[in-house]
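Working notes, beginning with the structure itself.
In listed order, ligands and their atoms are each counted from 1. Since the model is a prediction, treat every value here as computed from it, not as a measurement.
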Amino acid sequence: MSRVKNVPELFGSMVFNETVMQERLPKDVYRKLKKTMREGTAIDADVAAVVATAMKDWALSKGATHYTHWFQPLTGVTAEKHDSFISPTDNGGVMMEFSGKELIKGEPDASSFPSGGLRATFEARGYTAWDPTSYAFVKDGSLYIPTAFCSYTGQILDKKTPLLRSMEAVSKQACRVLKLFGKDVRNVSATVGPEQEYFLIDRDDYAKRKDLIFTGRTLFGARPPKGQEMEDHYFGSIRPRVAAFMAELDEELWKLGIFSKTKHNEVAPCQHEMAPVFTSVNIASDHNQLTMEVMKRVAQKHHFICLLHEKPFDGINGSGKHNNWSLSTDTGENLLEPGKTPSENAQFLLFLTAVIKAVDEYQDLLRISVASAGNDHRLGANEAPPAIVSMFIGDELQGILDAIESGEDYTEKVKTKMDLGVSVLPDIPRDTTDRNRTSPFAFTGNKFEFRMLGSAINIACPNIMINTAVAEELRQFADELEGAQDLRTALTELIRREIKAHKRIIFNGNGYDDAWVAEAEARGLHNLKSTAEALPHYTDEANVELFTRHNVYTREEMESREEALLEEYYKTLRIEALTMSDMVREEILPACVTYEGDLSRAVRNKKEAGVAGGMEAELLGRISELTEELYNKCRELDSVVAAAPRAEAEMLANYYHDMVLPAMEAVRVPADKLEMLVGKKYWPFPTYSDILFYV
Ligand code: ADP
Ligand code: MG
């Protein structure tokens, strides 16, 4: 492995960034491109042509031969189709060409991506459009151009476009609110730092398990004698093979301009985390998609497999992705940073109130934004926040909000009169706000940390929801306050009213406690336990109104997304069920039968030899019982899958949740018991002990 010598030099070396643009573009072209990037306006054809040529020349100097429009379809992973730069010349040779038209627009067709029915009813072809707000880069010999993916009739087919629209929405409304505080801000950016968890397991183990190959998670596996109870892996020293992986990962990410910052071992054995420095959310989203891909590729080089599934091992912590979110002005002000002056305080409290109201009113959307078959195994389990959305704000802020609500002085901790216009907020110590690790949506000093995301998710979805919901509350606040006679009074009144109306969403206690479920129900909070239950709320009237009002989605786009997500859900379960059945019939039962054969022979031999003692016979009896059970449960699973109705997505999602999942669980029980009884040399694939523990 090569050792990095000069990180600043390496950083962004494969990115067509500011420095490269300034170097390679004529001044006026650079200025026009920057204007487009800043204001999201359309780009002139002649500017595009110059940029395209400069990009191509730069890409060639980095060893690229191809270019690709890189986009984020509804599948959750990124998509790319590569074209080479070659263009035939008259003398039978080639030259390397790349036109402005090719830069701006691609026609991958790509009609096989899920569209949730949108393209069946409209136009089948899709096209990609360059997103100049995200830098192009070179990877694996190709120039990657970040793009949006749309249908010819303008319907959006990707996750990037609505993210950009939601950023625009929240920026517009936040600027209106800031104007009330006398600030003329042109742009407010949603910023995100996603902490990415992952497992690294040995490639040879992986290759022997069909469940990992087909579904990304283990469908069988008894608990090993040791789990994570000793907590000796968390922040433990990193073993050399993993350290080598992490070093190369950093290097590759830095080359792509990704701010990989923190790395450590996580709670579960073989589990690790990488956290980047935050950036604006469209970039963070591109970068996180790239990070996941690079993780997988670099892992292979080190003979590992990187598992990004939300719950690869039952009984062992799954992997999540903490979405740290805030709003930041183009003048560098973090709007969720508690202020130092009375007016900053008021401004902070207003933005805080907007987020609280947004999370309360759009709980269902936040839940939906993280819903997937894989994440269902995490939410509500011990390591992840429950499926109930609630917020943690910490004792200090709670004290302040209580005081505002009741109109009393806030004297408990700060001994200053809490009047929005007069006194200063206490410094809010970071450590007291970050203590609660069970909250789904926690205020951590100067940002919110949304913790329900599964590790495999595209962070665009939850951020589309947060941005748009917050935009809506800011819109309402701006409407009200812009017309106010006396801003200070109106502001205090508004905050008091909204806190009173939405305080039910705030829960500073232990989210893993069973009592919370009952309490949340009494408060009227949603508890959407599964993806099948959550997704149909996507197109509830209030949600359609939200997204259409802010031009993020049309109703048709939402309906199509709901359908695509439901389809993805039941298809995932179907693949899991089929894989499970396959492993039972092809691998587990034959292994058990071989062992049973050996045991029977041992029983017979003993009898013939006249040896007393019957443990072989007893063991044979137990195994025989369990194999019968396994065989029968597997047949039941097969027939439940075969009996799936021909129905619309919502009904199928429910069917798979209500019928197929329990049938799968019933298959797993005898299989896991057998794993513990059947001799190691008979068992057909590596067990949890083999995979998760190493010498
Ligand atoms: P931890 O949560 O482990 O205590 P930090 O609080 O330092 O770690 O940061 C976690 C993540 O939050 C990092 O990715 C960091 O860049 C990000 N972050 C910090 N400030 C902001 C902000 N204003 N907006 C969005 N993300 C932020
Ligand atoms: Mg964190």
Within a distance under 4.0 Å of any heavy atom of G193, pick out the atoms of ligand 1 and give their elements.
14 (O), 25 (C), 26 (N)

Among E197, E266, Q271, which residue meets the side-chain hydrogen bond (donor to acceptor under 3.5 Å, both in side chains) test with S319?
Q271

Is it the side chain (CB and beyond), the backbone, both or neither of E195 that lies under 4.0 Å from ligand 1, heavy atoms counted?
side chain

Any salt bridge linking R217 with E310? Criterion: basic side-chain nitrogen under 4.0 Å from a carboxylate oxygen.
no

Give yes or no for whether the N/O distance cutoff of 3.5 Å, strictly under, is met between W325 and ligand 1.
no

Find all atoms of ligand 1 within a distance of less than 4.0 Å from any non-hydrogen atom belonging to P276, and give their numbers and elements.
13 (C), 14 (O), 16 (O)

Note: ligand 1 atoms sitting under 4.0 Å from heavy atoms of S326 are 22 (C), 23 (N), 24 (N)

Between K183 and E333, is there a side-chain N and carboxylate O pair less than 4.0 Å apart?
yes

So that I know where these two stand, are F448 and F441 an aromatic pair - ring centroids less than 6.0 Å apart?
yes

CZ/R241: more than 12 non-hydrogen atoms of other groups inside 6.0 Å:
yes

Between ligand 1 and T444, can you find any atom pair, the residue atom being a heavy atom, that is separated by under 4.0 Å?
no

Quick one: list whatever passes side-chain contact (heavy atoms from CB on, under 4.5 Å) with C306, sequence neighbours left out.
Y198, L200, M295, K296, A299, L308

Considering only heavy atoms, does N334 approach ligand 1 within less than 4.0 Å through its side chain, its backbone, both, or neither?
side chain

With heavy-atom distances below 4.0 Å as the criterion, list the atoms of ligand 1 near V277.
16 (O)

Polar-atom distance check: F278 versus ligand 1, any N or O pair below 3.5 Å?
yes

Interfacing atoms of ligand 1 (cut-off 4.0 Å, heavy-atom, E449):
2 (O)

Just to verify, what does L365 make a side-chain contact (heavy atoms from CB on, under 4.5 Å) with, not counting sequence neighbours?
Y362, M465, Y538, N543, L546, F547

